[in-house]
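Since the structure comes first, as structure tokens, the remarks are kept for the end.
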Amino acid sequence: MHINHLSLTSFRNYGRLELDFPAGPVLLHGANAQGKTNLLEAIYYLATARSPHVEQDHQLINWEADQPTENVVVGRLVAQLSTRDDLHHIEIRLIKEYQRGQFTFRREALVERRKVRLMDLLGNLRAVLFLPQDVQLITGPPSRRRRYLDITLCQVDPIYCHNLSTYNKVLEQRNALLRRIAESGKGRDVLPVFTEKLVDLGSYLFTRRATFVASLARQAQRIHYEELTDGRETIRLNYLPRLFAANSGRSDEDTVQQAIELAGWLAEQAGLAQVTERFHQALAELQPVEIASGMTHVGPHRDDWRFWVNGRDLSSYGSRGQQRSAILGLKLAEINWMTAETGETPILLLDEVVAELDEQRRALLLNAVQSVSQAILTATDPGMFTEEFLNQATTMTVQNGRVLVDRQQPAAA
Ligand SMILES: Nc1ncnc2c1ncn2[C@@H]1O[C@H](COP(=O)(O)OP(=O)(O)OP(=O)(O)O)[C@@H](O)[C@H]1O
Ligand SMILES: [Mg+2]
């Protein structure tokens with residue numbers, strides 16, 4: 001898959017951008033704070049409808065355009081892409097409307113110039129983004145890791161995305177109901193209705209996440225062992241589904257072990273009916289606790305996943321370099337997984353990450369750059385790339401929200 005043209009209007013520090021992408025890798029370079037990351041973010045946003053930085057989406061609109069004196073301010077992101085067998089046109093609009101000093105914000109999505117639900121835009125453009133702060137996937141909170149699973153899966157599986165969105169709504173309603181039961185004793189009779197819906201949707205999410213992580217883990221483990229550490233280090237990646245009532249009397253280690261076993265069962269043997277039964281059982285066990293706390297304690301919204309290196313938890317025991325290698329392995333695995341699932345390579349977006357890698361790892365990543373149909377890289381200093389790489393790439397300078405092509409490869413022109 002390849003983006004042929006990108007248009008941005010009032011997005012971040014881009015007032016107006018019309019940019020053609022040639023074939024072959026593109027290197028965006030320039031000083032700090034010029035808009036390199038913003039450009040990758042725009043492409044990623046078209047793929048996922050999410051910003052990699054967790055913040056409110058209305059902040060993506062250009063500050064200068066965003067004046068309360070205007071009634072409506074619109075940020076637009078448009079991409080023309082070619083896939084294996086077709087050309088596509090996709091667009092997201094960020095719309096901020098002011099009324100008496102207050103604003104409302106909404107988004108619109110268009111595919112082939114027709115309005116669609118935002119959810120239905122996903123999957124048209126598929127991208128793998130690699131940022132320096134991605135190590136926080138290892139060191140950060142579980143919510144960050146769940147977000148990673150969701151964003152990645154939503155790019156290839158529309159049913160997952162749909163079920164996830166409905167699950168989150170049902171979860172909110174169920175929690176509100178649990179609080180109401182706790183406060184007034186009323187509503188017990190409708191709890192099974194919400195539980196039933198939650199279990200149906202949640203069971204799909206559990207199963208899909210389990211098969212996804214199992215497949216990602218196989219790839220990441222192999223890449224890490226064979227290509228990143230020359231057989232010195234074994235990494236394991238495990239999905240930790242919260243499909244059981246965590247027993248306060250048990251050690252953390254036991255709980256993790258139970259989750260790992262369940263993940264194996266989910267990925268390999270369990271049919272949806274069995275998962276549903278198990279989910280029901282866990283919720284039934286916990287009902288008094290859930291009513292007392294007004295919260296749903298088991299379900300995919302409490303899942304996690306983790307890396308282990310040589311048997312130890314990478315978030316607590318890994319060195320910074322080991323954590324970086326694990327993330328590199330994960331990203332390379334993600335490219336392979338997406339390609340296998342869709343029959344097409346995703347667009348690879350690399351933000352400043354090449355600079356952080358040693359020679360061997362850099363070579364491996366640049367290998368991946370060659371293997372996809374489109375890779376867009378950023379760097380403050382293009383000098384760290386080899387002559388060989390620079391000869392194949394188109395380089396562009398990013399300066400204060402403008403992009404200038406320095407040199408386009410003859411082959412790519
Ligand atoms: N909504 C917005 N409107 C206008 N400018 C914005 C908006 N959001 C961010 N910016 C600005 O965009 C600028 C460029 O950001 P970006 O992260 O893309 O820089 P960069 O070229 O990647 O720099 P670095 O090399 O430091 O990573 C920053 O100065 C930031 O303040
Ligand atoms: Mg940047």
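All values below come from the heavy atoms of this structure, side chains included, with hydrogens, waters and symmetry mates left out. Both counts, for ligands and for their atoms, begin at 1 and track the order of listing.
Every atom of ligand 1 with a heavy atom of Thr380 under 4.0 Å away is listed here by number and element: 25 (O). In summary, the atoms of ligand 1 found under 4.0 Å from a heavy atom of Gln59, numbered by their order in the structure, are 1 (N). Annotation for ligand 1: atoms under 4.0 Å from non-hydrogen atoms of Asn38 are 12 (O), 13 (C), 14 (C), 15 (O), 16 (P), 17 (O), 18 (O). Listed by atom number, the atoms of ligand 1 under 4.0 Å from Arg12 heavy atoms are 1 (N), 2 (C), 3 (N), 4 (C), 5 (N), 6 (C), 7 (C), 8 (N), 9 (C). Which parts of ligand 1 touch Asn62 is read off a 4.0 Å heavy-atom cut-off, strictly below it: atoms 3 (N), 4 (C).
The one candidate from Glu18, Arg76, Gln80, Arg16 that meets the side-chain hydrogen bond (donor to acceptor under 3.5 Å, both in side chains) condition with Ser7 is Glu18.
At a cut-off of 2.8 Å, Asn32 does not coordinate the Mg ion (ligand 2) through any N, O or S atom.
Relative to the ring axis of Phe244, Arg242 places its NZ or CZ within 45° and under 6.0 Å from the centre. Geometrically, Lys96 does not engage Phe105 in a cation-pi contact defined by less than 6.0 Å to the ring centre and at most 45° from the axis. Geometric assessment of Arg278 against the ring of Trp265 yields a positive cation-pi assignment under the 6.0 Å and 45° thresholds.
The shortest contact between atom 23 (O) of ligand 1 and any protein heavy atom is with Ala33 N, 2.7 Å. From the protein, the heavy atom lying nearest to atom 22 (O) of ligand 1 is Thr37 OG1, 2.7 Å. Protein heavy atom nearest atom 10 (N) of ligand 1, with residue, atom name and distance: Trp63 CH2, 3.6 Å.
Any N or O atom pair closer than 3.5 Å counts here, and Gly30 shares no such pair with ligand 1. For a threshold of 3.5 Å applied to N or O pairs, the pair formed by Lys36 and ligand 1 contains at least one separation below that value.
A donor and an acceptor atom, one from each side chain of Asp57 and Tyr45, are located under 3.5 Å apart.
Remark: Glu97 engages Arg106 in a salt bridge, criterion side-chain N to carboxylate O under 4.0 Å.
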Do Phe21 and His2 pass the ring-ring contact (aromatic ring centres under 6.0 Å, His included) test, and can you show the C-alpha distance, the side-chain angles, and the key distance before you say yes or no? CA-CA 8 Å; Phe21 284 100; His2 188 274; 7.3 Å; no

Please step through ring-ring contact (aromatic ring centres under 6.0 Å, His included) for the pair Phe212 and Trp337, ending with a clear verdict. CA-CA 9 Å; Phe212 166 54; Trp337 174 79; 4.4 Å; yes

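Ring centroid separation for the pair Trp308 and Tyr317 does not come in under the 6.0 Å cut-off.
Considering Leu131, Leu39, Asn32 only, the shortest heavy-atom separation from atom 26 (O) of ligand 1 involves Asn32.
When heavy-atom distances to ligand 1 are checked against a 4.0 Å cut-off, Ile61 comes that close only through its backbone atoms N, CA, C and O.
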